[in-house]
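See structure below.
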Amino acid sequence: MIQPIADFNLNASVIQQLPSHLFHHHPHIYIKRDDLIHPIVSGNKFRKLKYLIKHVQENGIKNIITFGGAFSNHMVATAAAGAMHNITTHCFVRGEELNHSFNHYLKTANLYGMQLIPAERNAFAREKQELVETHFGKLKESCFVIPEGGESDFAIQGVAEIVHELPFEPDCILHASATATTARGLLNGIAELNYNTSLLPVAVLKNSEEQSQKINLLFPDSKVNMVKEYDFGGYAKTNSELFHFIKLFIKETGIFIDPVYTAKALFALNRLILNNQISSDKKVVFLHTGGTLGIFSDKLLNGI
Ligand SMILES: *Cc1c(COP(=O)(O)O)cnc(C)c1O
């Protein structure tokens, strides 16, 4: 079948079984392949954008403004989605990175036609609305503004569909978590289906308290166990144990994982099983959130 360019290929996200020897012979570890939705752009970022892009199109809006650090998967996903849907994209980029040379995230966003606007670190942290006002003035009325990381009600709606696509009711779903937007979307899906599934978001940076609060606000009675012990010291921090795991996993499965997000979550899954925190009768789904660009930075490749 011939598809229009503007379709996200959400059907590409199949579910597969992972080899049990990588997980202490646990027999029921499955992987939901949202990484297959796009070769370089994070799958969960497309999930977050799906209904937002629909809203923007239905309202005839031609410009999207968003925010990100120089290593933001959300920035690149928004740039790609804009290119696919004929929407002009703009991104305020935190810090001084834009004044030097572009890294591969910025280059990719730029190739997709995104306008990159440098924002001084303090201004970026303080007042996003002010940045938009100052830079866009009256023009901003014809723009849709997406918060950093793609956090929105549209995102929660889009992510919930992942649970609907699973061929069975899992005992738990585990995934890499940073803003808890994916987590809230999955909980939304679990609630829609009346599933008894528990959610294990693995915090990939030191903000698990903040993430738990966001989750509790929206889903106070849900079965969530925030996994806090596998941030490896902070966002994008790594060590040789993690790289050893990445190499083994990629070699044994042919599935790419990245050191910032997915590898930390899979490593956590491995250790939770080793420590008998997930028993062998449980059906576990690991959500592969994508993030392939993360493996192509020099710093990280040198670690491998
Ligand atoms: C953004 C991202 C996450 C984190 O998602 P949140 O919704 O912010 O918790 C996980 N994995 C990858 C690959 C990402 O790009």
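Whatever order the structure lists them in is the order used to number ligands and atoms, beginning at 1. All heavy atoms count here, side chains included; hydrogens, waters and symmetry mates do not.
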**Request:** Below 4.0 Å from any atom of ligand 1, which residues have a heavy atom? Give them in chain and number order, please.
**Result:** Ser42, Asn44, Lys45, Lys48, Asn73, Ala176, Ser177, Ala178, Thr179, Ala180, Thr181, Thr182, Tyr261, Thr289, Gly290, Gly291
**Asked** Within 45 degrees of the axis of the six-membered ring of Tyr261 and under 6.0 Å from its centre: does Lys45 put its NZ or CZ there?
**Response**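 Relative to the ring axis of Tyr261, which defines the angle, Lys45 lies inside both limits.
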**Asked** Under 3.5 Å, is there a donor-acceptor pair between the side chain of Gln211 and the main chain of Ala178?
**Response**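 Confirmed, Gln211 side chain pairs with Ala178 backbone.
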**Asked** Between the side chains of Thr182 and His175, is a donor N or O closer than 3.5 angstrom to an acceptor N or O?
**Response** no
**Modelled atom types, side-chain donor and acceptor of Asn9 and His38, under 3.5 Å** =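 Not at all, the side chains of Asn9 and His38 share no donor-acceptor pair under 3.5 Å.
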**Prompt:** Any salt bridge between Lys128 and Glu151, counting N to O under 4.0 Å?
**Reply:** no
**Request:** Output all residues satisfying side chain to side chain donor-acceptor pair (under 3.5 Å) with Asn73, sequence neighbours left out; order by chain, then residue number.
**Result:**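 Here the qualifying residues are Ser42.
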